[in-house]
2 protein chains.
Amino acid sequence: MSKTTIRDVAKRAGVGVGTVSRVLNNSPAVSDATRQKVQSAIEALNFSPNPAARRLSQGKTMAIGVIVPFFTNPSVVRRLQGVVSVLSVSKYDLILFDIEKVNQRDMSLRTIPQRKLADGLLLISLTPSDIDVEQFALANIPVVLVDAYHPALSRVLVNNVQGGYQATKHLIDLGHRKIAYISDYLDDPFNSPVRDRFTGYKQALAEAGIAYREEYHLQGEHGRSPARHLTHTLLDLPDPPTAVFAYSDTQAIGAIEAARESGLSVPGDLSIIGFDNIEAAEYLRITTIRQALFESGVKGAGLLLNLMETPAAEPQEILLPTKLIDRHTTAQYGKKQLSGQIAALQT
Amino acid sequence: MSKTTIRDVAKRAGVGVGTVSRVLNNSPAVSDATRQKVQSAIEALNFSPNPAARRLSQGKTMAIGVIVPFFTNPSVVRRLQGVVSVLSVSKYDLILFDIEKVNQRDMSLRTIPQRKLADGLLLISLTPSDIDVEQFALANIPVVLVDAYHPALSRVLVNNVQGGYQATKHLIDLGHRKIAYISDYLDDPFNSPVRDRFTGYKQALAEAGIAYREEYHLQGEHGRSPARHLTHTLLDLPDPPTAVFAYSDTQAIGAIEAARESGLSVPGDLSIIGFDNIEAAEYLRITTIRQALFESGVKGAGLLLNLMETPAAEPQEILLPTKLIDRHTTAQYGKKQLSGQIAALQT
DNA sequence: TCGCTAATTGGAACCGGTTCCATTTCGTTG
DNA sequence: CAACGAAATGGAACCGGTTCCAATTAGCGA
């Protein structure tokens, strides 16, 4: 039962509590002799300081709160892994908050900062509202956004407009003219990437002189299964698309499944491109737009750590590049694939 | 700047600090009238109690520490998701510790409990040593193991011997006689599943009257790439196996890659079975042994929560079943697959 | 030897809650 | 109407650190 306190140590070492505290905090104002005495008393009593008391007295928690939506989303997990890799070698503990439901969101974002259980906050793929940001300012807590944007907050992001452009351009370059975009709901206020990639999609279309077709843009919940249904709707169109740009790799997988169910070969009959380059995209050889997921977590954590040391007047921004990874789910329009060249998920 | 304290609230409401504290903790010994006054003072001042102070005075942290090795391992992530799903609706915060290096392990396992920053500890896929367990007892902190075993601790586990047996039996039933096992290092003291599955493997072999062949069991670091190399070694044997049992799906993926690189079709020329049933196994249609990963996290968190409420004298154990999921990477020995029946990852 | 400064050290006060004990208030009962 | 117990309340003491100020000691130059 280690209920030993600093006063026990002080008594045993024959010094004052202040001195013990100084030893614990490596204050230079302690003679080597006393330091020695205190050290051995600490060891003899197997003492370790109570962090709650320390927090209370110095007003710091030595913890960082990480708030994550849908912890089951693989790209979110990958970013979190980047964050963890940095924090686990720092002196800060990591407190994880998962927000699964929308109504949970508001509550959490409001209460977490004011509960003061972290010295800094990292939001992953979660766009805060103005009210939230006000709360952060009120609580005087540094916040960094990863894969989300707010003008008043520092952030790490990817150029999603460019990514959407690259994906669409790739399909256009392959000769496709009937290109669909399946995505999360465009009007989700907390998900700006979905709109940015859509912008890039329309840009590439416009640039190539291809008219935007409303029926080629379908929205739904995020996930493999909703994407499968969306793709079926697309394929059932009187004039179905020949290529699909999926908002995420997860959704691309759903699209591939739908194609298979409809007896279409990928990429022979239908080209599909994803976004994110999650690990499964590699296994499945899905053509995709890579964004540096892990790295975004690393940079975000680093930025927050910096900001906590030396607060910056201006919000900082780190922009990460996107890159086309050309694999096996996209092909030249109209050019039938040789059998055996068939890509993943094909039976 | 919300540095409002309970005393400010007391002053504004015209009551004593004790009363405010009572209101905060829903003590019944407060009249409705005063409760009302205090409530409105709290709202007016936008007050919220400082958790550090609360922790200090009542000696509870309202947090649970979750210790995880190799946060990049998909099966560990999946278990963690189960844990999160339970804790995020509980009143406990979740503090995440990632142990990437072996020497980090000892240090963390020793210091985390004594730092007293959590009321309970959950170890995922991490077997503690006797010394560690002693520390837990000393710190008087409840601990639950998920996917790990120690006689003195409550745990949630899977019957790995049975799983290894099922996998091997499946291959034997398909007519295979030359069956390899690729795995993590058997002598890793913190990884008992690797030995248990090995035991199941040998059991099934013995039962079928097949002699165990040392050269068919290869060990290496965990991961896709090491597994790929191991499989190449296997395939280069003068008398190579016709089937491979991989310790994990991740390793099965590596094995599939190796087969493809060697120009072998899966399952036509080589049957491969994995373990875990991670999501990628479904996409890739890998035959595997399912263990309830997510559920193990859910049960583990639930068990810990129970134990914290009402400590049990005896360590509890929850055993989860394993089940064969027959997909497309295993086939009857000697029976060539029709082309087009080729499984995932095949180009 | 004296005086002064720098280096150490002791310990009270404080951080912001909770808890327990003493006190006040009020309704009941004889 | 007095006596008494229950309910409600105030506030000191405490949890276990940190910090700052005052006090002691030591070193050094004149």
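Chain naming here is simple, since letters A, B, ... match the order of the sequence lines and numbering starts at 1 in each. The structure presented is a predicted model; accordingly, all values stated were derived computationally and were not measured.
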Is a donor on one side and an acceptor on the other found under 3.5 Å between the side chain of B:Gln135 and the backbone of B:Leu109?
no
Here the pair of heavy atoms bringing A:Leu304 nearest to A:Pro142 is CD1-O, 3.7 Å
Within residues 21-37 of chain B, those residues having any heavy atom closer than 4.0 Å to DNA chain C are B:Ser21, B:Arg22, B:Asn25
Residue set satisfying side chain to side chain contact (heavy atoms under 4.5 Å, CB included) with B:Val298, at least two apart, ordered chain then number -> B:Ser85, B:Val86, B:Phe294
Rounded to the nearest 0.5 angstrom, the CZ-NZ distance for A:Arg12 and A:Lys37 is 13.0 Å
So the side-chain hydrogen bond (donor to acceptor under 3.5 Å, both in side chains) pairs with at least one residue in residues 50-67 of chain B (sequence neighbours excluded) are B:Thr61-B:Asp119
For DNA chain C, the expected dot-bracket line (Watson-Crick or G-U under 3.5 Å, [ ] crossing, | inter-strand) is ||||||||||||||||||||||||||||||
Pick out the pairs of N or O atoms, protein on one side and nucleotides 14-16 of chain D on the other, that lie under 3.5 Å.
none

Taken to the nearest 0.5 Å, the spacing of A:Leu87 CG from A:Ile95 CD1 works out to 11.0 Å
Exactly one of A:Val158, A:Leu157, A:Asp147, A:Val146 clears side-chain contact (heavy atoms from CB on, under 4.5 Å) with A:Leu320, and that residue is A:Val158
- Query: Just to confirm, is there a sub-4.0 Å distance from OP1 or OP2 of C:dT9 to any side-chain nitrogen or oxygen of A:Thr19?
  - Reply: no
Residues A:Leu305 and A:Ile64: closest non-hydrogen pair is CD1-CD1, 3.4 Å
So, with a heavy-atom separation below 4.0 Å from DNA chain C, the residues of residues 10-17 of chain B are none
When every non-hydrogen atom of A:Ser154 is compared with those of A:Leu303, the smallest separation belongs to CB-CD2, 4.1 Å
